[in-house]
Amino acid sequence: MKYLIFFIICLQIFTTLGAASYEDDDDEYVYENEDDYEYVDDCLDADDDGYCESNEDYTDEDYTDEDYTDEDLDEESEAEPEFGEDPTTMQVDMGNTARITCTVINLGSSVVSWKKDGSFLSLGGSLLADDPRISISMTPSSSELTITLVKGEDAGDYVCQVATTEIMAKTFTIEIKSPPNVKIVNKPESSTYTVKEGSALTILCEGEGDPKPTLSWKRLNSQMPASQNNQNSGSLQFSSISENESGTYQCIAGNGFGQPAVDSIQILVKHKPTIYVQEEYVENKENNKVELLQLICSVQAYPAAETTWTRSDNPLPEERMNIRDEDGRHILEISNPKQSDVGVYTCEAVNSEGKVYAVLNVKENENLPAEEAEVALKQLKEEEEETSSSANRGQFLVGSLTYVLVCLSLRAQL
């Protein structure tokens with residue numbers, strides 16, 4: 001186009017110079033046949049640039065060198081490319097398709113390429129990425145990058161680059177909305193922390209997802225300890241853990257997309273046993289006879305404690321007793337209890353962390369029968385008391401009679 005304009009201008013100059021060679025002083029030519037030929041110089045050259053201007057077609061206002069120059073011609077013929085107003089951020093659900101359009105105005109013969117993390121995905125319409133999920137679609141003014149079945153790794157920045165005198169680049173971002181994931185950092189394979197009572201413990205939890213999930217804590221089958229007053233955080237911190245803070249804790253991550261994610265950890269606190277003792281009588285409702293005496297020793301300990309029952313004043317009635325463990329309770333059962341079973345009993349619990357005793361004083365129960373030996377002894381005592389009483393009365397009579405006889409003998413002598 002530039003060369004064509006230059007050629008037209010040169011032709012115009014040549015024509016003007018050729019016409020000037022035929023000019024005379026009066027600017028008027030009369031041929032032999034003046035009726036047929038007449039030339040009148042009506043060229044208007046107001047700016048003395050050697051070009052004629054027609055009064056009929058152009059005026060000074062319509063065309064001047066200032067209004068239309070060779071630079072204007074260059075700008076029209078070679079306008080610089082510029083990016084269009086495409087959205088630069090796209091949110092896509094995990095597993096769906098992502099499409100990014102890069103529009104370039106005045107693209108011309110320039111080449112559009114796509115890059116991610118410094119590596120070329122495409123060059124023009126040629127795909128360079130070795131991924132069947134990625135494709136490129138070109139139009140005269142745009143390039144569209146398509147990614148199917150998006151994964152977490154597809155999130156990030158993508159650069160649309162145009163090769164001009166100076167490289168042009170525009171960054172697009174793909175954000176992938178995905179359900180939350182959560183994990184407890186450095187969780188043991190057993191999913192259990194075992195710590196000594198009084199020690200410090202910190203548990204960290206991390207969540208992932210798009211949008212970024214919020215984290216919270218929950219203790220199964222129990223309220224959160226009072227020491228954990230900030231439950232909506234990514235950590236549990238125990239400065240001096242106690243047995244009451246043991247249990248199973250859950251870290252929960254939610255972002256409103258899909259179901260909340262949960263990871264669990266169990267905390268076991270090693271401590272010496274704590275015990276509670278009590279007694280229970282089991283009676284027959286029909287005859288109110290006591291059939292069973294239960295001595296219950298409830299033990300809380302970790303590790304598990306060895307528990308035993310003893311009696312301080314008499315041996316345990318082994319022929320009538322049974323020992324069983326039930327839900328942390330060590331139970332001594334005495335069948336057909338008697339008054340002789342009333343006494344002082346001791347429960348002892350011991351583990352690696354210490355030894356603990358608890359004393360139970362079994363109270364008397366009037367419904368408890370006495371043993372046969374006790375009954376015989378009681379009868380013997382009663383008989384002895386009666387015999388002793390009879391003997392005393394006989395001795396009194398003999399003594400009294402003797403006293404009377406003595407008195408009578410003395411009286412007779414007088």
Side-chain angles (χ1 to χ4, degrees), residues 1-5 68-183 206-215 253-261:
M1 179 62 72
K2 293 172 61 177
Y3 295 109
L4 178 59
I5 295 174
Y68 199 83
T69 64
D70 290 343
E71 293 180 358
D72 295 327
L73 295 176
D74 292 341
E75 290 178 2
E76 287 188 1
S77 60
E78 296 185 4
E80 291 293 332
E82 59 180 291
F83 288 112
E85 300 295 330
D86 298 305
T88 57
T89 301
M90 174 176 292
Q91 291 187 341
V92 186
D93 292 346
M94 183 77 74
N96 285 2
T97 298
R99 291 184 176 88
I100 308 176
T101 300
C102 181
T103 301
V104 183
I105 303 171
N106 300 322
L107 177 61
S109 60
S110 300
V111 177
V112 179
S113 59
W114 287 96
K115 296 174 67 176
K116 184 177 188 295
D117 299 331
S119 300
F120 280 96
L121 302 178
S122 69
L123 185 61
S126 301
L127 186 64
L128 303 180
D130 187 17
D131 191 333
R133 299 179 302 115
I134 300 178
S135 60
I136 295 294
S137 176
M138 296 291 301
T139 70
S141 61
S142 68
S143 175
E144 183 179 75
L145 174 67
T146 301
I147 305 174
T148 60
L149 301 173
V150 293
K151 306 176 183 178
E153 62 194 45
D154 296 324
D157 294 336
Y158 292 77
V159 179
C160 175
Q161 187 171 288
V162 181
T164 58
T165 304
E166 294 184 1
I167 299 297
M168 297 171 53
K170 185 175 182 179
T171 300
F172 297 82
T173 302
I174 291 181
E175 297 178 352
I176 299 177
K177 294 177 62 178
S178 59
N181 289 320
V182 68
K183 67 174 181 178
E206 293 180 349
E208 296 179 349
D210 192 357
K212 186 176 180 62
T214 58
L215 302 177
N255 65 353
F257 185 78
Q259 295 296 321

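We count residues from 1, following the sequence as given. Small disclaimer: the values here were computed from a predicted structure and weren't measured.
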- [ ] Flag the pair V112 / L107 as yes when at least one side-chain heavy-atom distance between them is below 4.5 Å, and no otherwise.
- [x]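 Counting from C-beta outward, V112 and L107 do come under 4.5 Å.
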Open item on the list: Going by side-chain hydrogen bond (donor to acceptor under 3.5 Å, both in side chains), name the residues that satisfy it together with T139, two or more places apart in sequence or in a different chain.
Closed with: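 Here the qualifying residues are S142.
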TODO: Please report the C-alpha distance between T97 and T146 in whole Å, then the side-chain angles of each, then the deciding distance to 0.1 Å, and finally whether the side-chain contact (heavy atoms from CB on, under 4.5 Å) criterion is met.
DONE: CA-CA 7 Å; T97 298; T146 301; 3.8 Å; yes
Open item on the list: Can you pull out every disulfide (SG to SG under 2.5 Å) where at least one residue sits in residues 135-183? Sequence neighbours excluded, please.
Closed with: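 Found C102-C160.
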Can you tell me how far [atom2] of [Y] sits from [atom1] of [X], rounded to the nearest 0.5 angstrom?
X    : Y    : atom1 : atom2 : value
I136 : S122 : CD1   : OG    : 3.5 Å
I176 : M90  : CD1   : CE    : 11.5 Å
S135 : I147 : OG    : CD1   : 9.0 Å
D130 : L121 : CG    : CG    : 11.5 Å
Q161 : S110 : CD    : OG    : 12.0 Å
T148 : D131 : OG1   : CG    : 7.5 Å

Open item on the list: Listing request: all ring pair (Phe, Tyr, Trp, His ring centres under 6.0 Å) pairs with a residue in residues 121-159, at least two apart in sequence or in separate chains.
Closed with: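 Every pair satisfying ring pair (Phe, Tyr, Trp, His ring centres under 6.0 Å) with a residue in residues 121-159: there are none.
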Open item on the list: Once ring pair (Phe, Tyr, Trp, His ring centres under 6.0 Å) is applied, what residue pairs with a partner in residues 95-117 remain, sequence neighbours excluded?
Closed with: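 Every pair satisfying ring pair (Phe, Tyr, Trp, His ring centres under 6.0 Å) with a residue in residues 95-117: W114-F172.
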Open item on the list: Walk me through whether L215 and V182 qualify under side-chain contact (heavy atoms from CB on, under 4.5 Å).
Closed with: CA-CA 9 Å; L215 302 177; V182 68; 4.2 Å; yes
Can you list every pair that meets salt bridge (charged side-chain N to carboxylate O under 4.0 Å, His left out) and has a residue in [range], with sequence neighbours left out?
range            : value
residues 115-126 : none
residues 135-160 : R133-D154
residues 81-101  : none
residues 161-182 : none

Which pair of non-hydrogen atoms, one from [X] and one from [Y], has the smallest distance, and what is that distance?
X    : Y    : answer
S178 : N255 : O-ND2, 3.0 Å
P180 : A261 : O-CB, 3.4 Å
G207 : P213 : C-CG, 3.8 Å
A169 : V159 : CB-CG1, 3.9 Å
I134 : A129 : CD1-CB, 4.1 Å

- [ ] Start with the C-alpha gap between T88 and T173, add the side-chain angles, then the distance that decides, and say whether side-chain contact (heavy atoms from CB on, under 4.5 Å) holds.
- [x] CA-CA 6 Å; T88 57; T173 302; over 6 Å; no
Task: Stepwise side-chain contact (heavy atoms from CB on, under 4.5 Å) test for V150 and I174 - done: CA-CA 10 Å; V150 293; I174 291 181; 5.6 Å; no
TODO: With sequence neighbours left out, write down each residue that passes side-chain contact (heavy atoms from CB on, under 4.5 Å) with M168, or none if nothing qualifies.
DONE: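 M168: side-chain contact (heavy atoms from CB on, under 4.5 Å) contacts with P81, F83, V162, T164.
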